[in-house]
Amino acid sequence: MVSKRKRISTIIASSAATALLLAACGSSGTSSSSSSSSSSSSSGGTKVAGGTVTFAEAPNATPNYIFPLTSGAYFSVANLSQFQFLMYRPLYFFGNGTNILINNTLSLANPPVYSNNNQTVTITLKDYKWSNGEQLSSRDVMFWMNMLKANKANWAAYVPGAFPDNVVSMTTPDSKTIVFNLDKSYNPTWFTYNELSQITPMPIAWDVTSSTSPTPQPTDANLPDTTTAGAQAVYKYLDGLSKDTSTYATNPLWQIVDGPYKLTSFTSAGQATFVPNPTYSGPVKSTISKFVELPFTTDTAEYNQLRSGSGIDFGYIPVTDIAQKGLVSSLGYNFNPWILYSFNYWVINFNNPTVGPLFKQLYIRQALQHLVDQQQWIQSFYKGYAIPTYSPVPVEPSSAFADATAKTNQFPYSVSQAISLLKSHGWTVNPNGTDTCTSPGTGANQCGAGVTQGQTLSFNLEYASGTQAVQQAMDAFKSAAAQAGITINVSSSTFNQVISNASPCTATQAACKWQMENWAGGWTYSPDYYPTGDEIFQTGAGANFGSYSDPTADNLITATYTASAAQSQSTLNAYQDYMAQNLPVMYQPNPDYELAEVKSTLQGVQYNAFGNLLPEYMYYTK
Amino acid sequence: MPLLEIDNLYTNIRLKKGEVKAVGGVSISVNAGETVGLVGESGCGKTMTGMSIMRLLPAAGYIASGKVLLDGRDLVALSDDEMRSVRGNDIGMIFQDPMTSLNPCLTIGSQIAEAVALHKRVNKAKAMERAIEVLNLVGMPKPQERINDYPHQLSGGLRQRVMIAMALSCEPKLLIADEPTTALDVTIQAQILELLDSLKEQLGMAMLLITHDMGVIAGRADRVVVMYAGKVVEQAPTEKIFASTNHPYTEALLASIPKMDGSVARLYSIPGIPPDLSNPPTGCRFAERCRLATDQCRTTEPALLSKEQDHSFACFHPVGIEAKHVKVAVKEEAAEIARIEHSERKPLMVLDHVSKEFEITKGAILQRKAGTLKAVSDLSLTIYDGETIGIVGESGCGKSTTGSMMVALEKPTGGKILFDGDDLFGHKPKELRSIRSNLQLMFQDPYASLDPRMRVGTIIREPLDINKIGTPQEREKKVISLLSEVGLSSRAVERYPHEFSGGQRQRIGLARALALNPKLIVADEPVSALDVSIRSQVLNLMKDLQRSHGLTYVVISHDLSVVRFLADRIGVMYLGKLVEIGTGYDIYENPAHPYTAALLSAVPEPEPEREKTKVRKVIKGELPSAINPPSGCRFRTRCERATDLCAQEEPPMASFGTLHQAACHFPLISKVEIRTGASAN
Amino acid sequence: MIAFLVKRVGQSVIVLIGVSIIAFILEHLLPGGPAKAILGGRAFPAQIAAFNHANGLDKPLWQQYFIYVWHLLHGDLGRSYKLNQSVNSVLATDLPKSIILVGSALILSLIIAIPVGVFQAVRRNGIFDYAATSVSFLLYSMPSFWLGIILILGFAVNFHLFPAEAPQGQSISSIITNPRAMFLPVITLTLVSYASFTRYMRSSAIEALAQDWIRTAKAKGLSQRVILFKHMLRNALIPIATLVGLSLPSLITAGVVTESVFNFPGTGFRFINAASTEDYPLLLGIIILIGFLTVVGNLLADITYAVLDPRVRYR
Amino acid sequence: MSKIDDLDEGLSGEGGDNSEIVGSTSGGEAYASGSQLKLIVQTFLENKLAIVGIALVVIATLFCFVGPLLYHTNQVTTSYNITQAPGHGHPLGTDQNGYDVLGRLMVGGQSSLEIGFSVAIIATVIGVLYGAIAGFIGGIVDTIMMRIVDTLLSIPTLLLLIYLAAVFRPTLKLLIVVISAVSWLSPARLVRGEALTLRVRDYVKAVRVMGGGSRRIVLRHIVPNAIGTIVVNATFQIADAILVMAVLSYLGLGLPPPAANWGSMLSDGVNYVYDGYWWLIYPAGLAIILTVVAFNLIGDAIRDSLEVRLQKR
């Protein structure tokens, strides 16, 4: 029932989709630390081999694209993290337990080696085999890169100037080694986390343009992918196959995998059944004998099934039903909130002809931020299952990237502080009425550039409908703002409408009428795992939806992806501290990805911070 | 002992407020083999009496007291189950409208057979055999084949035969026929009445014939019971009722019926309207309308007393005994007068070889022509200023279409209509509108012809408004004067049509038609929807207005006596053709065309002597289709005199007198040669 | 009769052309046109241009319309880019389930509504009539989702008699084999359609009972039972039967609300999901299908009428 | 064949009450006193259910428009006092935003009723004009105009609404326009159907004979005589619009908060069906049912009383 509730997960899925605009440029790499995995849970009980694990998919977020070079419409957690990655492993796997780290155990290659002032990257592959018996080789990585170069417009994560444009040349000295020559020096962490992270090697058997093409061998020269036209033909063929979901489990091409699982059945409704890949050459092999992903139309449907106590081994409880946590536990489930590496905000349009000049005043942004009662919202609306956002670097899951500033609220809820900020800048404040600027000018105690005498503080705020908590929060914000004499006109629209409206624009464009847009999903750092602001807050960046432009911020951002390995963290700290104060967007609480409920007999579940599913760690106990 | 004896029957109907005392103490007896006619105007309780016998009253109706004895058994006291075994078995019933009285979803065979199977406890096959048998009996052609037909596949006459077959299938002792022929055409009516008569003889059953038509009663009933306002006012053998009427109501009723012989110049009309039966007056119920009523009549109810053993009435001042009979104005030798006046008149409207065909189309997009319905074919007629032309014929003969063309509502597909020498359809629409004000129509249904949302004043003023005649004040004045002319008070202006009775509405309609001072009024069945007593008022009024306004009338009617009463000249139409035209005398006393003669003989007249002795020339068969009319003379398929010539050649109009013409190869009277040619019609 | 059918089919074709034009217009009314609706709000102009070219959206409108109609004539309802499936295959999996749900509710509601309506007509203005009328008014006035939720509260939450949601299986068999879970959704839909059927049935029966031939049947001495079931019902059912024909599109539309209340994986629910995820091709595909079903349903209703009513049959 | 076309209209009628009886006993000679409007009103008032309907509508209107003057609540500022059970100064508790539910019912009812009435008026005006024009011009124009209506009727209202609500962002005005846009079809068909039956009435023929034009026939005779049907239809349309709003809200396509109407209140409350917050589910639902039932009762009663008038002719 209640179609409204399903949206909470749409937000997550699609915030990955918003990542399609990310890209960037970067520099040298360190391998981030990494101890090997296997974090969560291990209570008593004897491990037993075999068994089926059923996993509840998020509502309306069923897998629907199998080809790893995924285009924008299908770039989602459901397709990548929870579907393709089970079969086709990325070169570098991210998320080590709940840590925000590269997972060296599960990655297909050893940590990259940066040299030549971080302009050359050398990658050596581990010993992996495709399920058709072929060795994972540097040719497979080249295949991906060739395909990417020829078809970059179709790739969801492409941004002009970034990957693969910033790769000047590539060589494969041997079948295990690939060398990237970059156009300039990049921060190694950034380049590893945000660019190399996107590579998924592909089997040479896929290097075909039709069903009648002869089966290619890795040794063949002049395979189609080596020419632009050929690579485009291959893309066209494989993309076409991907549009026929009924053949996902039957087409032999898709059965050639290097990951731990193979797909054995796939229904048009999105039910996917995996069995272990017997030839998987990775370190952790599947204990369970079957992994099933169940589609649900709404989260209520999922919850009903969960409450029936059978059918779901790994599901979740909707936030609105959190009061019934106890009931679910009594059915033999363990509760565990699953948090993704993301932060939440709503965008403000600095270029809006009417209110842009207001947003450009830092004191106004600060006054507005003072009206966001993050603690109270989390308590009342999210029932405690959200994390406050104080800066663009997420506080949780805890990582080495966030510093102390990012963990403290710079603008705690206070109507009086908001009022005094306005009063001290030439505004006549009229609580529950309308504030007016009575002292225009650019002086320190005046309203600021572009703000005229008699201007009022009235903003339109549009948010994505469908989630009760978001609606409650927005109404609360409206209420609080009214107490400071600020009018917020709240309206709601579909998620897609909101993200579509919130696009960068110039003041004269008709599309620049929007003032504040809240799609309630913020930004998830995946698969751009390093939390810099290059694609969201840099002047002119594709995902800089509010057209925020600040020279200091630009410099700080550039520093984060061009710094040397040693300076990597300090530049990131400087950036996040500035952003915490400068408020390029309005920060709001970030709800947990999923309030997971796992059968108490099921152990080894990984709550990967990037949403990746790792069933190979799961096992049942007696 | 009589077969059926109704003893002091009271039947009431519950309404939201109060009760209608529909039958107020009726006692009637019917002997075996006898036909008793039950007559009265609508609302007099005759149908309710019939229904009470069958115990088929509407949900809100109930028998308050009294007995209905059938063969000595009180039907009122029977249980529902017992009563069901009487219905259809001991008593059969026929209803008025054969078009609606048969279940459209069942075959006629199964509808007849189910009654047989029920009452005679035979199997389906046996019942079906019986159904064929009775269908044969009622003169259904090829019953074996027709048995599987659905009602709508049959014509009205055949359906009524099915109804009769159904009622007779179990050989009931008593047949109740409630207006069995009212919905039928005259010729079919004659067939059905004849059939009922012969079946009654054949089966030896008794019949209760309920009707409003004194003519039907005169010819078919052995004894007559007259009802008024829920009570029996007079009963006697048929001859006595007509010859020595005693109750003023019966007398008035008879005096208000126009006679076929055209002898009456002005009809007697009963003033007022019947009483409201939910609150019946004390005393004689007819007192309010009775010319002889005294105070005694208004306070004391007269009992039904027998004058002779077989003649009883309920009146304190019976006519013929205490009071004198009413005098009815009698026409001089009408036909002669018409002939003389005619020569002085000038033609007002000329129909010159007028035809009207309607295309029947098939198909969604292409609209292929599937045939033409020849409603009116090659009709020529001249209407003289100040005369009244009557057009008679059975339904479907084209008389209404002809009327519509005369008032320019329909455009002829062939020929011309000249009005005052001008081609009516040779004008632009705007001019036509102004000419139209000379041509007005009087409608059949007084309930449908007045806009229920308009006040009477507005309705009568509307033609003046449309044609922008006079100032608003003048229009108001005109409305008042028109109302007074048709005998309504000026208070009517503020009222709505539903506040008036049918007769009053017909007057309002006349007032509206007169507003534009028309020269010609086409009256399409002007009184057929009205009760007899109301009818005479309207007919008299029409005559009066003609005199005062110098009107020319075209009266279209299936009722030959009405036409005879109003018209100077009468045209007879058959299947789109004018077959005969002449003065009333020519047509009624001296018809040339076999169809005219047959039509006349089919009309039942309220003259028992004449009816009983009349040589009936019942026309056989049904009216052919107007889409494919018979070749040559259209009447030949039903004509006794028809020969091959009639099929090959269409008979031309020939003269039989100065104003008398007919189209027949073998006329009943001899032709007259007129030197000036045949175009004098 | 045949001429009548030809005429009706002709009219239906005209209406179908109208429906296709409306759907086509609706698609082109979308903000930014179909390309933007499919590729999403953030698509690059170059991507849109490429998409438009690849899908013929750069051709003149009339050409596009004919291409579109050409596809429709081949049964191609378009492609859901959001689900990465053709609309046809989406419908192929969902429609049978909706048919089972709505169909069984339809049958059930008729089974209840016909006798109740007849009884109401026979005992007109009696206590039963008033009670039944009140119930149908109440059901008719109740937002159907609220009715469903009250049923859930009553039967599933307070007393665990039936599951709160419809069977979630993807195959038809999994739905048929779980009648307990089908109970509440079917009952909800039944009550909703019962409300209107019984009102129709009542007035249809009253109308039939007022006919002269009922009086004829009584005059034959037939029993009340025979009169009701042989004579009256047969006639009174004609409009009801045509009503069933007219409700053909309700196979999808009736389910829209009920299916979403009970999470029933049918076409109606799919439509709502498509609306909230802005899957316009799927939305329009379903609208076209329903338009088609409506027209066919009207046609069927006319034919049923003609078959059941001899007055029309032998014309 | 028009039988099928008129199925909707024909069947929704309740069949004449004692027409047979009245007809056969009073012989059409019954006199009614006073104007026909008086008669209609009289018959209408005799219908007890109609009185109930009127009373409910009056109560609802007073509750929504006068209630807030007597019962002051804060419907502007949210509070964190959310989903409180009834009591403590909130007779019907608070909702998910901390608003007082009783006060919200009043405010929400205002917009529900406004939507209902606006839609009924707009749709009726458009429909009557369209239907009258089709009837007025007749011929091929009528055919084309009615095919357009047929076509639009082939697209189910709810689905079209869902589609439109998904494409355009709902605002109060837009929703009224959109619901009206799909609601005018039935009055258009009704009026045109009436025009067709009225056109062949004798009194219309009479106007022709007097020389009156089609314009006069339509405006002075057809439309006034169809007014009963139009009013009845408009009453039902108010009820339907309120219901449609509720369903749209439930499907997440209604008006966004903080604008409230009964439909959105109900659909928001439905989120808490498992939490036992009955005060968020039942009051709004009952308000809708009672109002919709009330309008249906009134519509039915008007129709009945119009029929009675016809019976008494």
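Quick note on labels: first sequence line is chain A, next is B, and so on, each numbered from 1. All values reported here derive from a predicted model rather than from experimental measurement.
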Whether D/Tyr250 and C/Phe145 hold their rings parallel, tilted or perpendicular, with breakpoints at 30° and 60° = parallel
Which heavy atom in C/Ile152 sits nearest to a heavy atom in C/Leu184, and how many Å separate them?
-> CA-CD1, 4.2 Å
By a 4.5 Å heavy-atom criterion (distance strictly below it), what part of D/Ala239 contacts chain C: side chain, backbone, both, or neither?
-> neither
Select one option (side chain, backbone, both, neither) describing which atoms of C/Leu153 are under 4.5 Å from chain D's heavy atoms.
-> side chain
Run the salt-bridge test on D/Asp300 and C/Arg199 with the 4.0 Å N-O cut-off and return the result as yes or no.
-> yes
Does D/Trp262 use its side chain to pair, donor to acceptor, with the backbone of D/Leu105 at less than 3.5 Å?
-> yes
Portion of C/Phe137 that has a non-hydrogen atom of chain D nearer than 4.5 angstrom | both
So which part of D/Phe295 gets closer than 4.5 Å to some heavy atom of chain C, the side chain, the backbone, both or neither?
-> neither
Between C/Leu16 and chain D, which part of the residue has a heavy atom less than 4.5 Å away: side chain, backbone, both or neither?
-> neither
Chain C contact via D/Leu243 - which portion, at a heavy-atom distance below 4.5 Å | side chain
Does atom OH of C/Tyr140 have more than 12 heavy-atom neighbours from other groups under 6.0 Å away?
-> no
With a 4.5 Å cut-off on heavy-atom pairs, point out which of C/Ile238, C/Leu209, C/Leu138, C/Ile290 contacts chain D the most.
-> C/Ile290
Minimum heavy-atom distance between C/Ser144 and C/Val257, given as atom pair plus value = OG-CG1, 3.3 Å
Tell me, side chain or backbone of D/Ile281 under 4.5 Å from chain C's heavy atoms, or both, or neither?
-> both
